[in-house]
Amino acid sequence: MRVGDPSSGPRDAALRVTLAGWTVALDVEDGALAAILRRVFGAFVSPSAGVSTDARLVLRTPATSRVAPAVRELPLLEPGAEGTLRVEGEDYAAVLSPDRSQAEVTGTGRFPVETVLKVMLASALAKRGGLLIHGVGLSRGERAALFVGASGAGKSTLGALWREAGGTVLADELVAVWPAEGGGWQAAGTPWNVLSSATEAALVAVGTLAWDAASRWEAQGAGEVARVLLLNALLPEPTTSGRGALVASASRLLSSVETARLVFARDASAAAVVEERLA
(Lines give C-alpha, C1' and ligand atoms only; values in the text may rest on other atoms or scores of the structure.)
Protein backbone atom coordinates (compact mmCIF):
# COMPACT_ATOMS: atom_id res chain seq x y z
CA MET A 1 0.00 0.00 0.00
CA ARG A 2 1.21 3.44 -0.87
CA VAL A 3 0.21 5.69 2.04
CA GLY A 4 -2.44 8.11 0.91
CA ASP A 5 -3.50 6.04 -2.13
CA PRO A 6 -7.31 5.91 -1.91
CA SER A 7 -7.50 3.01 -4.40
CA SER A 8 -5.92 0.69 -1.83
CA GLY A 9 -9.07 -0.42 -0.07
CA PRO A 10 -9.20 -2.68 2.98
CA ARG A 11 -9.46 -6.45 2.65
CA ASP A 12 -12.91 -7.94 3.21
CA ALA A 13 -11.47 -9.71 6.26
CA ALA A 14 -10.20 -6.48 7.81
CA LEU A 15 -11.47 -5.70 11.31
CA ARG A 16 -13.66 -2.62 11.25
CA VAL A 17 -13.91 -0.47 14.37
CA THR A 18 -16.22 2.52 14.86
CA LEU A 19 -15.22 5.23 17.33
CA ALA A 20 -17.23 8.44 17.78
CA GLY A 21 -18.91 7.94 14.41
CA TRP A 22 -15.58 7.32 12.62
CA THR A 23 -14.92 3.87 11.15
CA VAL A 24 -11.43 2.49 10.51
CA ALA A 25 -10.45 -0.79 8.87
CA LEU A 26 -7.59 -2.62 10.58
CA ASP A 27 -5.70 -4.82 8.13
CA VAL A 28 -3.89 -7.25 10.42
CA GLU A 29 -2.84 -10.50 8.74
CA ASP A 30 -1.89 -12.26 11.97
CA GLY A 31 -5.08 -14.14 12.87
CA ALA A 32 -4.16 -14.48 16.55
CA LEU A 33 -3.56 -10.73 16.86
CA ALA A 34 -6.80 -9.96 14.99
CA ALA A 35 -8.68 -12.10 17.52
CA ILE A 36 -7.04 -10.22 20.40
CA LEU A 37 -7.97 -6.86 18.87
CA ARG A 38 -11.54 -8.03 18.33
CA ARG A 39 -11.78 -8.77 22.06
CA VAL A 40 -10.07 -5.51 23.03
CA PHE A 41 -12.40 -3.37 20.92
CA GLY A 42 -15.48 -5.39 21.88
CA ALA A 43 -18.69 -3.43 21.30
CA PHE A 44 -16.81 -0.96 19.08
CA VAL A 45 -16.33 -3.58 16.35
CA SER A 46 -18.62 -2.97 13.36
CA PRO A 47 -20.73 -6.07 12.72
CA SER A 48 -20.53 -6.07 8.91
CA ALA A 49 -17.54 -6.22 6.59
CA GLY A 50 -19.62 -4.30 4.06
CA VAL A 51 -19.76 -1.14 6.18
CA SER A 52 -18.13 1.93 4.61
CA THR A 53 -14.88 3.07 6.16
CA ASP A 54 -13.33 6.47 6.77
CA ALA A 55 -9.78 5.28 7.34
CA ARG A 56 -7.44 2.31 7.05
CA LEU A 57 -4.53 1.04 9.14
CA VAL A 58 -2.23 -1.70 7.85
CA LEU A 59 0.18 -3.54 10.14
CA ARG A 60 3.42 -4.80 8.56
CA THR A 61 5.77 -7.27 10.19
CA PRO A 62 9.26 -5.74 10.55
CA ALA A 63 12.19 -7.38 8.79
CA THR A 64 14.08 -7.28 12.08
CA SER A 65 12.15 -7.46 15.33
CA ARG A 66 12.98 -5.10 18.18
CA VAL A 67 12.50 -6.04 21.80
CA ALA A 68 9.54 -4.34 23.44
CA PRO A 69 10.67 -2.10 26.33
CA ALA A 70 9.69 -2.80 29.92
CA VAL A 71 8.49 0.80 30.26
CA ARG A 72 7.10 2.63 27.26
CA GLU A 73 7.54 6.30 26.51
CA LEU A 74 5.10 8.51 24.64
CA PRO A 75 5.44 8.08 20.86
CA LEU A 76 7.46 10.60 18.89
CA LEU A 77 5.37 12.47 16.31
CA GLU A 78 7.25 14.20 13.50
CA PRO A 79 5.91 15.92 10.36
CA GLY A 80 7.19 14.14 7.25
CA ALA A 81 7.50 14.89 3.55
CA GLU A 82 4.49 16.17 1.64
CA GLY A 83 2.34 16.49 4.75
CA THR A 84 2.76 12.97 6.07
CA LEU A 85 3.20 12.26 9.77
CA ARG A 86 5.66 9.81 11.28
CA VAL A 87 4.83 8.11 14.57
CA GLU A 88 7.68 6.23 16.22
CA GLY A 89 8.14 4.25 19.41
CA GLU A 90 10.85 2.03 20.82
CA ASP A 91 9.86 -1.03 18.76
CA TYR A 92 7.53 0.27 16.02
CA ALA A 93 7.14 3.03 13.44
CA ALA A 94 4.28 4.29 11.30
CA VAL A 95 3.65 6.73 8.48
CA LEU A 96 0.27 8.47 8.22
CA SER A 97 -1.01 9.93 4.96
CA PRO A 98 -1.34 13.72 4.62
CA ASP A 99 -5.06 13.54 5.43
CA ARG A 100 -4.34 11.06 8.29
CA SER A 101 -6.89 8.62 6.87
CA GLN A 102 -4.35 5.89 6.11
CA ALA A 103 -1.49 4.51 8.15
CA GLU A 104 1.18 1.94 7.45
CA VAL A 105 2.54 0.55 10.71
CA THR A 106 5.67 -1.57 11.05
CA GLY A 107 5.71 -3.52 14.28
CA THR A 108 4.30 -6.50 16.14
CA GLY A 109 1.53 -6.98 18.67
CA ARG A 110 -1.41 -4.81 19.65
CA PHE A 111 0.47 -1.85 21.13
CA PRO A 112 1.58 -0.28 17.80
CA VAL A 113 -1.92 -0.69 16.36
CA GLU A 114 -3.62 0.94 19.33
CA THR A 115 -1.08 3.77 19.61
CA VAL A 116 -1.35 4.78 15.96
CA LEU A 117 -5.12 4.36 16.05
CA LYS A 118 -5.33 6.91 18.88
CA VAL A 119 -3.37 9.43 16.77
CA MET A 120 -5.65 8.80 13.79
CA LEU A 121 -8.79 9.19 15.92
CA ALA A 122 -7.48 12.44 17.42
CA SER A 123 -6.80 13.72 13.89
CA ALA A 124 -10.28 12.73 12.71
CA LEU A 125 -11.84 14.52 15.68
CA ALA A 126 -9.68 17.61 15.05
CA LYS A 127 -11.13 17.84 11.53
CA ARG A 128 -14.55 18.18 13.17
CA GLY A 129 -13.25 20.70 15.70
CA GLY A 130 -13.18 18.03 18.38
CA LEU A 131 -10.71 16.62 20.88
CA LEU A 132 -9.54 13.29 22.30
CA ILE A 133 -9.25 13.79 26.05
CA HIS A 134 -7.61 11.76 28.81
CA GLY A 135 -10.38 11.86 31.38
CA VAL A 136 -13.50 10.16 32.67
CA GLY A 137 -16.80 10.56 30.84
CA LEU A 138 -20.01 9.88 32.76
CA SER A 139 -23.48 9.76 31.24
CA ARG A 140 -27.02 9.44 32.51
CA GLY A 141 -29.61 9.10 29.77
CA GLU A 142 -28.77 11.55 26.99
CA ARG A 143 -26.54 13.89 29.05
CA ALA A 144 -22.87 13.54 29.92
CA ALA A 145 -20.12 15.20 31.95
CA LEU A 146 -16.36 14.98 31.40
CA PHE A 147 -13.82 15.30 34.22
CA VAL A 148 -10.07 15.78 33.82
CA GLY A 149 -7.16 15.79 36.21
CA ALA A 150 -3.61 14.68 36.80
CA SER A 151 -2.73 11.10 37.68
CA GLY A 152 -4.20 10.36 41.11
CA ALA A 153 -6.94 12.98 40.82
CA GLY A 154 -9.58 10.27 41.08
CA LYS A 155 -10.81 9.60 37.53
CA SER A 156 -10.91 5.81 37.88
CA THR A 157 -12.36 6.05 41.40
CA LEU A 158 -15.11 8.38 40.21
CA GLY A 159 -15.85 6.06 37.30
CA ALA A 160 -16.19 3.08 39.66
CA LEU A 161 -18.50 5.02 41.99
CA TRP A 162 -20.64 6.13 39.05
CA ARG A 163 -20.88 2.59 37.73
CA GLU A 164 -21.92 1.31 41.17
CA ALA A 165 -24.68 3.92 41.21
CA GLY A 166 -26.06 2.58 37.92
CA GLY A 167 -24.64 5.26 35.62
CA THR A 168 -22.85 4.69 32.31
CA VAL A 169 -19.10 5.24 32.16
CA LEU A 170 -18.28 6.29 28.61
CA ALA A 171 -14.59 5.78 29.39
CA ASP A 172 -12.09 6.58 32.12
CA GLU A 173 -9.08 6.60 29.81
CA LEU A 174 -9.82 8.47 26.55
CA VAL A 175 -13.06 10.33 25.81
CA ALA A 176 -13.91 11.70 22.36
CA VAL A 177 -15.71 15.07 22.21
CA TRP A 178 -16.83 17.07 19.18
CA PRO A 179 -19.31 19.80 18.14
CA ALA A 180 -22.76 18.38 17.39
CA GLU A 181 -24.80 19.34 14.36
CA GLY A 182 -27.25 22.01 15.34
CA GLY A 183 -25.23 23.16 18.35
CA GLY A 184 -23.83 21.76 21.55
CA TRP A 185 -21.19 19.06 21.97
CA GLN A 186 -21.21 15.27 21.95
CA ALA A 187 -19.10 12.90 24.03
CA ALA A 188 -18.39 9.25 23.27
CA GLY A 189 -16.51 6.41 24.87
CA THR A 190 -13.49 4.64 23.40
CA PRO A 191 -12.35 1.02 23.86
CA TRP A 192 -9.36 1.79 26.05
CA ASN A 193 -11.06 0.68 29.21
CA VAL A 194 -12.42 -2.76 30.03
CA LEU A 195 -15.81 -1.40 31.08
CA SER A 196 -16.10 1.51 28.66
CA SER A 197 -19.25 2.09 26.60
CA ALA A 198 -19.76 2.44 22.86
CA THR A 199 -22.56 4.94 23.45
CA GLU A 200 -22.51 8.72 23.13
CA ALA A 201 -24.39 11.54 24.83
CA ALA A 202 -24.76 15.32 24.82
CA LEU A 203 -21.87 16.86 26.74
CA VAL A 204 -23.20 19.44 29.18
CA ALA A 205 -20.34 19.93 31.67
CA VAL A 206 -16.55 19.74 31.83
CA GLY A 207 -14.81 19.85 35.18
CA THR A 208 -11.71 19.21 37.22
CA LEU A 209 -11.46 16.96 40.28
CA ALA A 210 -10.46 17.36 43.92
CA TRP A 211 -10.71 15.20 47.04
CA ASP A 212 -12.53 16.04 50.28
CA ALA A 213 -14.56 14.33 53.00
CA ALA A 214 -17.80 15.76 51.60
CA SER A 215 -18.86 15.73 47.94
CA ARG A 216 -19.98 18.95 46.26
CA TRP A 217 -20.18 20.69 42.89
CA GLU A 218 -18.37 24.03 42.66
CA ALA A 219 -18.39 26.58 39.86
CA GLN A 220 -14.98 26.97 38.22
CA GLY A 221 -13.90 29.43 35.56
CA ALA A 222 -13.35 28.22 32.01
CA GLY A 223 -9.75 29.43 32.11
CA GLU A 224 -8.92 27.26 35.11
CA VAL A 225 -10.57 24.22 33.54
CA ALA A 226 -8.81 24.92 30.23
CA ARG A 227 -5.37 24.67 31.82
CA VAL A 228 -6.09 21.15 33.02
CA LEU A 229 -8.01 20.14 29.91
CA LEU A 230 -5.21 21.10 27.53
CA LEU A 231 -2.68 19.10 29.54
CA ASN A 232 -4.89 16.07 28.99
CA ALA A 233 -5.71 16.56 25.29
CA LEU A 234 -3.98 14.36 22.72
CA LEU A 235 -2.14 16.57 20.20
CA PRO A 236 -2.32 14.86 16.77
CA GLU A 237 -0.47 17.57 14.85
CA PRO A 238 2.92 18.55 16.39
CA THR A 239 3.04 21.93 14.66
CA THR A 240 2.28 25.50 15.60
CA SER A 241 -0.96 25.42 13.64
CA GLY A 242 -1.87 22.06 15.20
CA ARG A 243 -1.37 23.44 18.71
CA GLY A 244 -3.36 26.53 17.80
CA ALA A 245 -6.24 24.40 16.53
CA LEU A 246 -6.20 22.37 19.75
CA VAL A 247 -6.43 25.51 21.89
CA ALA A 248 -9.20 26.93 19.69
CA SER A 249 -11.25 23.74 19.96
CA ALA A 250 -10.84 23.66 23.74
CA SER A 251 -11.93 27.30 23.95
CA ARG A 252 -15.06 26.65 21.87
CA LEU A 253 -15.89 23.61 23.99
CA LEU A 254 -15.58 25.39 27.30
CA SER A 255 -17.62 28.35 26.11
CA SER A 256 -20.46 25.97 25.22
CA VAL A 257 -20.77 23.87 28.39
CA GLU A 258 -20.86 24.35 32.15
CA THR A 259 -17.40 24.40 33.74
CA ALA A 260 -16.99 23.21 37.30
CA ARG A 261 -14.90 21.44 39.90
CA LEU A 262 -16.19 18.24 41.45
CA VAL A 263 -14.92 17.89 45.00
CA PHE A 264 -15.74 14.37 46.09
CA ALA A 265 -15.42 11.70 48.73
CA ARG A 266 -14.82 8.01 48.06
CA ASP A 267 -18.47 7.08 48.59
CA ALA A 268 -21.88 7.16 46.93
CA SER A 269 -22.26 10.89 47.56
CA ALA A 270 -19.95 11.63 44.63
CA ALA A 271 -22.29 9.93 42.17
CA ALA A 272 -25.30 11.63 43.77
CA VAL A 273 -23.78 15.08 43.18
CA VAL A 274 -23.06 14.34 39.50
CA GLU A 275 -26.46 12.74 38.95
CA GLU A 276 -28.18 15.87 40.22
CA ARG A 277 -26.35 17.99 37.62
CA LEU A 278 -27.18 15.56 34.80
CA ALA A 279 -30.84 15.22 35.70
Side-chain angles (χ1 to χ4, degrees), residues 19-22 54-55 73-80 83-88 96-101 103 115-138 144-153 155 170-190 192 200-210 218-262:
L19 308 168
W22 173 79
D54 302 296
E73 302 291 336
L74 291 174
L76 177 65
L77 274 61
E78 289 187 332
T84 59
L85 179 70
R86 182 173 178 83
V87 181
E88 188 164 5
L96 277 62
S97 62
D99 66 357
R100 310 297 184 252
S101 68
T115 299
V116 175
L117 183 55
K118 291 172 185 177
V119 176
M120 295 177 75
L121 174 59
S123 294
L125 288 166
K127 291 178 183 178
R128 289 187 258 167
L131 301 156
L132 187 58
I133 303 293
H134 178 57
V136 57
L138 312 178
L146 168 65
F147 297 97
V148 293
S151 178
K155 295 184 291 294
L170 298 176
D172 70 3
E173 177 63 27
L174 290 171
V175 182
V177 301
W178 68 96
E181 293 185 13
W185 284 68
Q186 288 290 107
T190 66
W192 292 289
E200 63 180 62
L203 184 63
V204 298
V206 177
T208 60
L209 296 171
E218 298 179 346
Q220 188 170 39
E224 295 177 80
V225 176
R227 282 192 286 274
V228 183
L229 181 74
L230 288 169
L231 290 173
N232 288 279
L234 197 156
L235 175 66
E237 300 295 333
T239 61
T240 300
S241 60
R243 294 183 184 91
L246 190 78
V247 172
S249 293
S251 177
R252 287 192 294 271
L253 165 62
L254 298 178
S255 66
S256 303
V257 300
E258 181 180 3
T259 56
R261 179 170 66 171
L262 175 65

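Side-chain atoms are counted along with the backbone in the values below, which use heavy atoms only and exclude waters and symmetry mates.
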### Query
With a 3.5 Å cut-off and no angle check, do the side chains of Arg252 and Ser249 form a donor-acceptor pair?
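Result is yes, a qualifying pair exists.
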Test your reading of the model: is there a side-chain donor-acceptor pair from [X] to the backbone of [Y], 3.5 Å cut-off?
X: His134; Y: Glu173; answer: yes
X: Ser123; Y: Val119; answer: yes
X: Lys155; Y: Gly149; answer: yes

Once rounded to the nearest 0.5 Å, what's the spacing between atom [atom1] of [X] and atom [atom2] of [Y]?
X: Thr259; Y: Leu253; atom1: OG1; atom2: CG; answer: 10.0 Å
X: Leu131; Y: Asn232; atom1: CG; atom2: CG; answer: 11.5 Å
X: Trp185; Y: Leu146; atom1: CH2; atom2: CG; answer: 11.0 Å
X: Leu234; Y: Lys118; atom1: CG; atom2: NZ; answer: 8.5 Å
X: Met120; Y: Trp22; atom1: CE; atom2: CH2; answer: 4.5 Å
X: Trp192; Y: Leu117; atom1: CH2; atom2: CG; answer: 4.5 Å

### Message
Working note: Val206 + Val177, criterion side-chain contact (heavy atoms from CB on, under 4.5 Å); need CA distance, chi angles, decisive distance, verdict.
### Response
CA-CA 11 Å; Val206 177; Val177 301; over 6 Å; no
### Task
Decide side-chain contact (heavy atoms from CB on, under 4.5 Å) for Val87 and Leu77; before the verdict, give the C-alpha distance in whole Å, the side-chain angles of both, and the deciding distance to 0.1 Å.
CA-CA 5 Å; Val87 181; Leu77 274 61; 4.2 Å; yes
Considering all heavy atoms of both residues, which atom of [X] and which atom of [Y] are nearest to each other, and what is their separation?
X: Thr84; Y: Pro98; answer: CG2-CD, 3.9 Å
X: Val204; Y: Val257; answer: O-CB, 3.6 Å
X: Ala144; Y: Leu170; answer: CB-CD1, 4.1 Å
X: Thr115; Y: Pro75; answer: CG2-CG, 3.8 Å
X: Gly21; Y: Asp54; answer: O-OD2, 4.0 Å
X: Val175; Y: Gly135; answer: CG2-O, 3.7 Å

#### Entry: Leu174 and its side-chain contact (heavy atoms from CB on, under 4.5 Å) partner, picked from Leu19, Leu132, Leu121
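Among Leu19, Leu132, Leu121, the one that satisfies the side-chain contact (heavy atoms from CB on, under 4.5 Å) with Leu174 is Leu132.
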### Query
Step by step, would you call Glu224 with Thr208 a side chain to side chain donor-acceptor pair (under 3.5 Å)?
CA-CA 9 Å; Glu224 295 177 80; Thr208 60; over 6 Å; no
### Query
Is the shortest distance from a Lys or Arg side-chain nitrogen in Glu78 or Arg86 to a carboxylate oxygen in the other one below 4.0 Å?
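No, this pair does not count.
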### Query
Do Leu85 and Pro238 come close enough that some side-chain heavy atom pair is under 4.5 Å?
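In short, these two side chains touch, coming nearer than 4.5 Å.
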